[in-house]
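Position 1 is the first residue of the sequence; numbering continues from there.
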Amino acid sequence: MSLRITPLTDPALGAHSRRLAWLASEADATPVGTAFLRLFDGGQEHLAELTLHVHPVERRKGVGSRLLDTAVAAARDNTRRCVVAQAGVGSPGEHFLPAHSFRKVLTLRFARLPLADVDTTALAEIIERPHPGYRLASWRGTVPDHLAQTFAASRRAMDDMPMEDTDHGTTAWDVDRVRAAAKAVEDRGDQLHTVVAIDTSNGSITGFTELVVPGGGAGDAQHYGTGVLPEHRGHGLGRWMKAESIRQARGHYPDLGGLLTDTADSNTHMRRISDSLGYLPTHTTLQYQLDL
């Protein structure tokens, strides 16, 4: 095969990351594969995330290897020390990545909550159960100004989330970054919903859970993250916030089918929360890492 690798201009320029893109094509310009390499900043300047696809009929012809070589070279040129990529269990990527010196570093378990099957009585009991010293609050889109600073500070709740052997780094959050993340969701036509737990003694946010709903309000929504600050753990805040997020999703979007979540296999606490709320396993994805 006479293969051409063409760099592309990626229109999806993020406020705190950028993405390189390449198209693999045959001599007659027929596209046969793509590769995208996301380069992070803000505490993750060492990391690059690879997404690589080859048309099924073009596999085992060296297309993936050529794209991978191009992306890895770009990662090195941008002084990254590792590249991560995901592959579904049983997918071609599960064999391709280890064959190219990637090692498995993380197992992600995916689950879905069918909203039509939610036990609303049990959900109400969770939400209405008293949590002395705390109250819930929520918003759509960008965080309100009066909560912006404490919300940005609460993002450190994710710093110690189980990531197994992944060289994940620590994302540096400030008010500008949380606003930019919300705007990115809005710009693509989706809707961001956030539920937080607030310490009633000082008004600070102690934990949060985020849900992204498709713009049309139908299909499945995706959980983006749930975290509780270490000093406020042990009070059931994670389950409380997630239950309220489910209640609001059902109330605001009658055409929504379900809620999707993914959790590290080693994060047994969050997996137990999801199980207790009725989330059902769907599939497993493996994350691999190439150390440069």
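When the side-chain hydrogen bond (donor to acceptor under 3.5 Å, both in side chains) test is applied to S138, the partners found at least two apart in sequence or on another chain are Q248. By the salt bridge (Lys or Arg N to Asp or Glu O under 4.0 Å) test, R140 is found to be paired with no residue, residues two or more places apart in sequence or in another chain being considered. Listed by chain and number, the residues in a ring pair (Phe, Tyr, Trp, His ring centres under 6.0 Å) with Y288 amount to none (sequence neighbours excluded). For F96, the ring pair (Phe, Tyr, Trp, His ring centres under 6.0 Å) partners at least two apart in sequence or on another chain are H100. Scanning for ring pair (Phe, Tyr, Trp, His ring centres under 6.0 Å) contacts around H131 gives W240, with sequence neighbours left out. With sequence neighbours excluded, no residue satisfies ring pair (Phe, Tyr, Trp, His ring centres under 6.0 Å) with F102. Applying the side-chain hydrogen bond (donor to acceptor under 3.5 Å, both in side chains) test to R272 and every residue at least two apart in sequence or in another chain returns nothing. Among residues two or more places apart in sequence or in another chain, the salt bridge (Lys or Arg N to Asp or Glu O under 4.0 Å) test is passed with R233 by D160. With sequence neighbours left out, S274 forms a side-chain hydrogen bond (donor to acceptor under 3.5 Å, both in side chains) with K242. Taking the side-chain contact (heavy atoms from CB on, under 4.5 Å) definition, one finds that R179 meets it with T142, D145, A148, V175, sequence neighbours left out.
Here side-chain hydrogen bond (donor to acceptor under 3.5 Å, both in side chains) pairs that include residues 111-125, with residues two or more places apart or in two chains, are R112-D220.
Here the side chains of L147 and I205 are in contact, with some heavy-atom distance below 4.5 Å.
Formation of a donor-acceptor pair under 3.5 Å by the R271 side chain with backbone atoms of D265 is found in this model. Listed for the H223 side chain is no donor-acceptor partner under 3.5 Å among the backbone atoms of G225.
With hydrophobic clusters built from ILVMFWY side chains whose heavy atoms lie under 4.5 angstrom apart, Y279 shares a cluster with I127. Each of V195 and V143 belongs to its own hydrophobic cluster when Ile, Leu, Val, Met, Phe, Trp and Tyr are linked at side-chain heavy-atom distances under 4.5 angstrom.
Other members of the hydrophobic cluster containing L192, listed by chain and number, are V185, V212, Y224; membership follows side-chain contacts under 4.5 Å among ILVMFWY residues, whether direct or relayed.
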